[in-house]
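In what follows, a structure is listed as structure tokens, so that the remarks can point back to it.
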Amino acid sequence: MQILLKNNIIKIVVEEHDKLTQPQINQIKYFGFSKGLDKDFYSVSGDDGISITMRLISYFDRKNIPYTLSKNLSEIKKKVSENQDSFSKIKKEAADFKEGIFDESKFNDFCSFINNHIKRKLKDHQIKAAYHHYLLKNAANFSVPGSGKTTTIITVYEKLKSEGVVDTLFVVGPPSSFKAWKTEFKETLGKVAKVSTLSGRSKQDRIIEYYGADKDIDLFLITFQTFANDFKNIKKFFFQNKIFLVIDEAHYIKQIDGKWASSIIDASEHAKIKYILTGTPCPKNYADLFNLFDFLWGKNNAISEKEKSYINICEKNNDYQNAQTFIKDSLDPLFYRVRKDELGLKKPIFHDPIFVEMNDIERKVYDRIFERITKLSYYDRQKNFMTLLNLKRGRIMRLRQMTSYSKLLKTAIDDYDENLLDDMDDISNVIVNYDKYEHPAKLTKLIELINLIQKKDKKIVIWTNFIKTINLLEKYLRKNNFQCNHICGDTPIVEKNDDIFTREKIIDEFLTMNSSIDILIANPKACAESISLHKTCHHAIYYDLDYNCAQYLQSLDRIHRVGGSENKEANYYFLQYKDTIDSDILNNLILKRDKMYNVIEHNSDIYNLDISTFTDIKEEETAYDRIFKK
């Protein structure tokens with residue numbers, strides 16, 4: 001039997017004397033080969049075709065089925081085998097290092113490079129992570145937020161650049177991460193990076209960068225969306241340069257077959273070195289890990305299709321223990337993780353909730369709306385599933401809006417058009433003109449709290465989830481002579497002229513002591529990850545909350561991080577309206593936070609989690625049923 005590769009077609013030539021059983025024929029078809037006009041089988045080649053052929057060869061070897069390969073296929077098989085051997089070797093070396101087994105001379109040389117070429121003094125955990133990544137070349141860092149992942153990766157980049165392996169650092173991440181990369185580059189290496197921020201620029205400008213790029217650029221920064229739009233041009237750019245590719249906040253590409261993930265995996269095959277960073281505590285499911293390691297090592301290398309199928313079956317059967325055991329040996333050596341308790345940070349202070357009595361109009365509106373929702377809930381069973389789901393989410397959103405700024409009741413909510421103010425003309429008119437009658441009681445308490453904090457520390461970050469509330473707070477604080485600014489999704493990334501305050505300018509100004517910004521107002525969706533505020537800011541006020549625990553945890557880490565929090569406590573304050581949904585949200589977040597931290601701090605295995613505990617994607621629906629006793 002011959003296996004041939006010609007004109008991009010893989011062909012199995014079955015000779016007269018070849019005897020294949022029906023199960024063997026079925027297996028060949030299962031691999032993707034189809035029956036030809038005679039006894040031969042065919043399969044289209046390409047990357048998938050080669051992968052399928054390697055599986056076929058492995059099957060023939062196991063079953064002792066004789067075959068010969070064409071010369072080009074023999075060369076491909078040899079190369080695949082060499083790559084597998086190389087992968088196995090460096091994987092074992094990385095695994096041994098995590099167990100404390102390593103070549104001391106080689107490690108000392110690496111440390112010597114750090115001492116002589118890296119300006120920043122790295123923590124022990126950063127040196128260990130950097131060396132682990134240096135051994136692997138393609139690696140994942142799943143350390144907790146605030147552990148110094150960016151510094152670690154920049155150190156590895158500088159080492160590999162000194163060896164001529166790479167020449168450019170190319171970072172894909174959310175806009176909020178861009179400032180950190182520029183700042184950490186300077187503080188880690190002691191030099192200002194020549195940066196090209198691709199996102200926020202025109203398509204034509206980006207094409208000029210890809211095809212006529214300045215060879216002196218040290219750092220390219222791009223968002224996931226822009227990467228997906230440009231991936232064909234980026235793929236060519238990678239092919240022509242020695243790229244050190246980093247996916248920051250890599251949980252954005254966990255979704256299998258997602259547009260962002262597919263484009264990044266496709267284009268990244270031409271990058272010389274690849275790294276992924278994410279401090280997200282746990283995956284939503286084990287399949288979330290597949291994209292991350294497929295990106296690093298190519299499909300089926302770190303974890304095979306057979307292994308993926310088995311893991312999926314285990315997860316569907318809630319058999320997490322077997323799934324964890326099955327993938328431990330495959331994935332453990334390929335990532336490094338530092339837990340929060342390894343960082344040596346001072347324990348953060350969570351102050352008791354500050355309970356506030358609503359003003360008269362706020363209380364009247366909240367009680368009337370709550371009563372209306374209670375009555376409407378009696379008819380919920382008559383609604384179909386999707387309608388009811390949207391109603392529950394919309395109603396919870398309305399309650400949340402009223403604990404932030406009553407005027408938000410007049411804003412639209414996606415997939416929710418229920419009019420809770422129907423037949424309430426008195427309430428509706430008051431809400432439209434709310435600012436004429438009163439301001440939220442939380443605002444008064446906020447001013448008191450800020451004055452109290454600023455007796456010892458000037459810098460404060462205020463978190464709120466609503467854009468109109470951000471505008472209200474900024475207006476009110478400035479009216480009371482506080483120096484503040486805000487960041488939300490609409491805040492520009494790229495500077496177009498000197499008059500525009502970009503995210504970077506605002507953060508720089510906020511972090512500078514005795515600057516024109518002492519208070520930063522932000523929403524977690526735009527700022528809860530990637531930015532670092534801990535060097536000058538040690539106080540965070542939560543004006544309002546939502547049920548998104550992941551964003552909440554990310555926001556906590558903005559002021560509790562390596563490089564400042566070792567000697568200064570992080571302080572968290574929560575403004576809560578009495579007898580409202582505020583208490584349910586905070587209690588829910590505290591329960592999830594404590595459960596998640598308990599797992600994270602006592603087990604470094606990213607997949608050794610009771611996933612069901614943390615992945616309720618219908619949290620607002622659950623809250624609705626809890627509050628209205630369904």
Side-chain angles (χ1 to χ4, degrees), residues 130 133-134 136-141 149-186 188-189 191-201 203 205-253 260-278 291-292 294-298 493-494 504 530:
H133 298 342
Y134 174 71
L136 275 172
K137 299 299 184 287
N138 299 325
N141 192 317
K149 294 188 292 292
T150 306
T151 293
T152 298
I153 294 302
I154 290 172
T155 298
V156 179
Y157 161 74
E158 188 69 4
K159 173 63 171 167
L160 292 174
K161 185 177 181 181
S162 73
E163 297 174 356
V165 178
V166 296
D167 55 25
T168 302
L169 181 57
F170 193 99
V171 178
V172 189
S176 56
S177 70
F178 293 174
K179 161 69 176 169
W181 279 98
K182 288 184 262 191
T183 300
E184 296 301 302
F185 192 100
K186 179 181 178 182
T188 302
L189 302 181
K191 58 185 177 182
V192 177
K194 188 168 184 180
V195 180
S196 174
T197 303
L198 295 163
S199 298
R201 301 168 66 177
K203 180 82 170 181
D205 282 349
R206 298 198 302 270
I207 289 175
I208 291 173
E209 287 288 75
Y210 300 137
Y211 292 101
D214 185 339
K215 297 298 182 182
D216 293 331
I217 290 177
D218 301 296
L219 176 62
F220 285 89
L221 298 168
I222 190 170
T223 63
F224 295 95
Q225 184 172 359
T226 305
F227 191 106
N229 292 336
D230 292 0
F231 84 95
K232 290 182 179 179
N233 290 315
I234 291 173
K235 192 172 182 178
K236 294 178 182 177
F237 174 65
F238 284 3
F239 183 77
Q240 295 168 353
N241 296 273
K242 294 186 287 187
I243 299 296
F244 185 108
L245 175 61
V246 179
I247 309 300
D248 197 2
E249 305 297 351
H251 45 275
Y252 284 105
I253 67 163
W260 291 355
S262 298
S263 62
I264 288 173
I265 291 173
D266 185 13
S268 67
E269 64 184 58
H270 296 300
K272 294 294 183 184
I273 301 293
K274 293 177 279 190
Y275 284 96
I276 53 178
L277 311 179
T278 176
N291 263 1
L292 302 184
D294 283 350
F295 161 76
L296 290 173
W297 294 103
I493 302 170
V494 177
E504 197 169 307
S530 298

Option from Leu245, Leu169, Leu160, Val156 for which side-chain contact (heavy atoms from CB on, under 4.5 Å) with Ile273 holds:
Leu160
Please lay out, stage by stage, how Glu249 and Lys149 fare under the test salt bridge (charged side-chain N to carboxylate O under 4.0 Å, His left out).
CA-CA 11 Å; Glu249 305 297 351; Lys149 294 188 292 292; over 6 Å; no
Euclidean distance, Asp205 CG relative to Ser196 OG, rounded to 0.5 Å
9.5 Å
Flag the pair Glu504 / Lys182 as yes when at least one side-chain heavy-atom distance between them is below 4.5 Å, and no otherwise.
yes
By side-chain hydrogen bond (donor to acceptor under 3.5 Å, both in side chains), Asp230 pairs with (sequence neighbours left out) Lys203, Arg206, Tyr210
Mark yes when over 12 heavy atoms from residues, nucleotides or ligands other than Lys235 sit less than 6.0 Å from its NZ; otherwise mark no.
yes
Between Asn138 (side chain) and Lys274 (backbone), is there a donor-acceptor pair under 3.5 Å?
yes
Once rounded to the nearest 0.5 Å, what's the spacing between atom CZ of Phe227 and atom CD1 of Ile247?
6.0 Å
Please check if the side chain of Thr226 supplies one atom and the backbone of Thr223 the other of a donor-acceptor pair under 3.5 Å.
no
Does the Lys NZ or Arg CZ of Lys236 fall within the cation-pi geometry relative to Phe238 - under 6.0 Å from the ring centre and within 45° of the axis?
no
In the structure I gave you, are the side-chain heavy atoms of Leu219 and Val171 within less than 4.5 Å of one another anywhere?
yes
Say whether, by atom type as modelled, one donor and one acceptor occur between the side chain of Asn241 and the main chain of Phe237 under 3.5 angstrom.
yes
For residues 165-176, pull every pair meeting side chain to side chain donor-acceptor pair (under 3.5 Å), keeping only residues two or more places apart or in separate chains.
none
Donor-acceptor contact present, side-chain Ser177 to main-chain Pro174, <3.5 Å:
yes
Between Thr152 and His133, is the side-chain contact (heavy atoms from CB on, under 4.5 Å) condition met? List the steps.
CA-CA 9 Å; Thr152 298; His133 298 342; 4.0 Å; yes
Have Glu184 and Thr151 got a donor and an acceptor in their side chains that come within less than 3.5 Å?
yes
Kindly indicate whether the side chain of Val195, heavy atoms from C-beta on, has any atom under 4.5 Å from the side chain of Phe185.
no
Where the side chain of Lys242 meets the backbone of Gly164, is there a donor-acceptor pair that is under 3.5 Å apart?
yes
Min side-chain heavy-atom separation Leu198-Phe170 under 4.5 Å
yes
Mind checking side-chain hydrogen bond (donor to acceptor under 3.5 Å, both in side chains) for Lys186 and listing every partner two or more places apart, or none if nothing turns up?
none
Ile264 side chain near Phe295 side chain, heavy-atom distance below 4.5 Å:
yes
Taking the six-membered ring where the residue is Trp, are the ring centres of Phe244 and Tyr275 under 6.0 Å apart?
yes
pair Lys161-Asp218: side-chain heavy atoms closer than 4.5 Å:
yes
Do Ile153 and Leu277 make a side-chain contact, defined as non-hydrogen atoms from C-beta onward lying under 4.5 Å apart?
yes
Measure the OG1-CD1 distance between Thr197 and Ile222 for me, rounded to the nearest 0.5 Å.
10.5 Å
Heavy-atom check, side chain of Val246 versus side chain of Tyr157, under 4.5 Å:
no
Atom of Ile276, atom of Ala250 and distance for their closest heavy-atom approach
CB-CB, 3.8 Å
